[in-house]
Structure formats: C-alpha cells, structure tokens
Number of protein chains: 2
Amino acid sequence: MKAERAQYAKAEYELAAFTKAIAHPARIAILNILAKHNTCICGQIVDGLPLAQATVSQHLKALKNAGLIKGSVSGPKSCYCINWDAFEAFKLGFNQLFSQLNTARAANCC
Amino acid sequence: MKAERAQYAKAEYELAAFTKAIAHPARIAILNILAKHNTCICGQIVDGLPLAQATVSQHLKALKNAGLIKGSVSGPKSCYCINWDAFEAFKLGFNQLFSQLNTARAANCC
DNA sequence: TTCTTTTATCGTAAATCTACGATTAATATT
DNA sequence: AATATTAATCGTAGATTTACGATAAAAGAA
C-alpha cells in the first residue's frame, strides 16, 4: 500500500469515515434498532441480530468510535443510543459535497 | 466467517452497499470532481488524485458497479458522470431509515 | 463469598480491500 | 502499417475487516 503520500480534503476524509462506519448491514441494523427505540437501550441488540455477541460488541465499538452512537457502560449492563448530532453533521457534509443535487443536472451526460 | 446464515432487511443491505461504495476518500474525491464538472468528463480524473492509474480505474469500477456513476467507454477514452438518480434514491433510503432525525429525540439518553 | 448475568476484549482464521506495476485492448495519429 | 495514447484488466502483496470461541471483567443475586 502506498505510504499515504498525498491527501484528500478534510471533508472527504470525514465523510468517508462516516460512511465507512455505516457500510455494513449489521451496523445499519443496529442503528435501526436504536432509532426505533429512540432512547437508551440496554442489551437486546444481540438478540435482534444474526451474529455472535462478540461480533455485535465489535460493531458497537465501531459505531461508537465513529461517534455515531453514545454508550454508557455500568457494570454488567451497557446502554446505547444514537448520537443524532453526528447524523446531522453527516447530513450537512453530504449535502455540502453534493449540493448540485436537485438543482442543475448535466443534460449532456452519458 | 459465518456462512451468512441470516439476513438483514433489504433496505439495510442497499444502504450498506451505497455507503460502502463511498466509504473511501478517493471515491468521494472522484465524485467531487464529477460533481463539479456536472457533465461527462473524459480522463482528467487520474491527474487529480494521488493514485496510480490502475487504482483509480479500480475505484471508478466500484462506483460504477454501485450505480453511483455512469460511464461510456469508447476506444481510448472514457467518459464518466454522476448518476444523480442513485443519489436521490440513497437520500430517500437514508431519510427513511432515520426519519426520527429532526423530530423527536430521546431526552432520557446517555 | 460464590454464582450468575452481561458485555468487553483477546486471539485468530478467512475474506475483502487497496494499492501497484505490467500487460492488454481499443482507437487515433503519423 | 507502425506508433502513440488512454483506460481497463491481471496478478499480487499487504492491510483491514469480519466473524467466532474463549476468556476476562464488573456488578447484582444467592
């Protein structure tokens, strides 16, 4: 792999990180579960997924690292919920990047 | 790896596929270039990226496979442009999945 | 204290991704 | 026809991701 010798724009890195975090059906399913509850839920996530507990924990970690969910662990229980602010930030970044959408579209396109 | 024994919702697969396609700064940079031109551009993409031609071609292929860009190859030249319809579809799916955003947010959250 | 429950972490195997140089393919150009 | 240009494809090395079982940790219940 190339030694990351050149760069992209900051916004590009950020959007890539965000989309990478949700680029897996299991993680989207987790977000769905959290969104439906719209409150902190403790456990119950593993039950709704076709994955081993360790794997779900791993996915949760990924989502948390990306800032998409918030979680408070207290002893044997963990509570997770969606970090809506992060999603709003993403929405903004996404729209900024592709603001042309819904306005002008190329007519002379393939 | 588990033998994919269980599934997620169709919408979850689709959104995951979409986000996976743009989960890389190089591919977002490509989309940016295309969005700025807002018309078919032939080549010029490699020049704007810190990657080898083969790698860029690979990324273009990924974007095309995901349906995010359209491309017409004619001999030694290739023309690419953004498939805006796909982006609108994504926007829809994304908002569907997280429609709670901007409406009710959990007060009793972590 | 000992057991149970819940979840994170460790170690690891297999799959996928990312990058590259080299080559091939398809046209233009000379 | 021979050469040059442009971009796709091939083969491949190394990194990352994804999944799992096993284990550890943390706290409540017995």
Side-chain angles (χ1 to χ4, degrees), chain A residues 1-8 12-13 16-31 33-34 40-66 68-81 110, chain B residues 1-8 12-13 16-31 33-34 40-66 68-81 110:
Chain A
M1 221 174 262
K2 200 191 290 190
E4 199 70 20
R5 70 171 179 238
Q7 282 122 342
Y8 305 96
E12 288 167 349
Y13 278 118
F18 184 96
T19 49
K20 193 177 184 181
I22 51 177
H24 194 290
R27 291 197 287 275
I28 292 181
I30 289 173
L31 291 172
I33 294 171
L34 292 174
C40 266
I41 57 171
C42 312
Q44 307 158 337
I45 300 173
V46 175
D47 301 336
L49 295 175
L51 296 171
Q53 180 266 323
T55 307
V56 173
S57 193
Q58 208 171 248
H59 282 304
L60 284 166
K61 195 180 178 184
L63 288 169
K64 200 175 178 184
N65 282 343
L68 277 110
I69 62 175
K70 293 184 278 185
S72 62
V73 186
S74 79
K77 282 181 191 169
S78 293
C79 270
Y80 287 106
C81 63
C110 10
Chain B
M1 221 175 260
K2 200 192 289 190
E4 198 69 17
R5 70 168 180 240
Q7 282 123 342
Y8 305 96
E12 288 167 349
Y13 278 117
F18 185 96
T19 49
K20 193 176 184 181
I22 51 178
H24 194 289
R27 290 196 289 274
I28 292 181
I30 289 173
L31 291 172
I33 294 171
L34 292 174
C40 266
I41 57 171
C42 310
Q44 306 158 335
I45 300 173
V46 175
D47 300 337
L49 294 175
L51 297 171
Q53 179 265 323
T55 308
V56 174
S57 194
Q58 207 171 247
H59 282 304
L60 284 166
K61 194 181 179 185
L63 288 170
K64 200 174 179 184
N65 283 343
L68 275 105
I69 62 175
K70 294 183 278 185
S72 62
V73 185
S74 79
K77 283 182 191 168
S78 292
C79 270
Y80 286 106
C81 63
C110 8

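This one's a predicted model, so the numbers in the text were calculated from it and none came from an experiment. By convention in this document, chain letters (A, B, ...) are assigned in the order of the sequence lines, proteins followed by strands, and residues within each chain are numbered from 1.
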Sequence neighbours excluded and cut-off under 3.5 Å, please list the side-chain donor-acceptor pairs for residues 16-31 of chain B, or say none.
from	atom 1	to	atom 2	distance (Å)
B:Thr19	OG1	A:Ile22	O	3.2
B:Thr19	OG1	B:Leu15	O	2.9
B:Thr19	OG1	B:Ala16	O	3.0
B:His24	ND1	B:Ala26	N	3.0
B:Arg27	NE	B:Ala21	O	2.6
B:Arg27	NH1	B:His59	ND1	2.9
B:Arg27	NH2	B:Lys20	O	3.3

Q: Grab the CG-P distance between A:Asn65 and D:dT16 for me, whole Å please.
A: 15 Å

Q.
Using OP1 and OP2 only, check whether a side-chain N or O of B:Lys20 sits under 4.0 Å from D:dT17.
A. no

Q. When rounded to the nearest 0.5 angstrom, what distance separates CG in A:Leu34 from SG in A:Cys79?
A. 10.5 Å

Solution key, residues 43-58 of chain B side-chain donor-acceptor pairs under 3.5 Å, sequence neighbours excluded:
none

**Q.** Heavy-atom closest contact (B:Lys64 atom, B:Tyr80 atom, distance)
**A.** CD-CE2, 4.3 Å

Q) Can you check the B:Leu51 CG to C:dC17 C1' distance for me, whole Å? A) 13 Å

All N/O contacts under 3.5 Å from nucleotides 7-12 of chain D to the protein, with atom names and distances to one decimal?
from	atom 1	to	atom 2	distance (Å)
D:dA7	OP1	B:Gly43	N	2.9
D:dA7	O3'	B:Ser78	OG	3.1
D:dA8	OP1	B:Ser78	OG	3.3
D:dA8	OP1	B:Tyr80	OH	2.3
D:dA8	OP2	B:Ser57	OG	2.7
D:dA8	O5'	B:Ser57	OG	3.4
D:dA8	N7	B:Gln53	NE2	2.7
D:dA8	N6	B:Gln53	OE1	3.0

Q) Within the pair B:His24 and C:dA19, is there a side-chain N or O less than 4.0 Å away from OP1 or OP2? A) yes

Q) Please give, in whole Å, the distance from C:dT6 C1' to A:Ile41 CD1? A) 14 Å

Q) With respect to the phosphate group of D:dA19, does any side-chain polar atom (N or O) of A:His59 fall under 4.0 Å of OP1 or OP2? A) yes

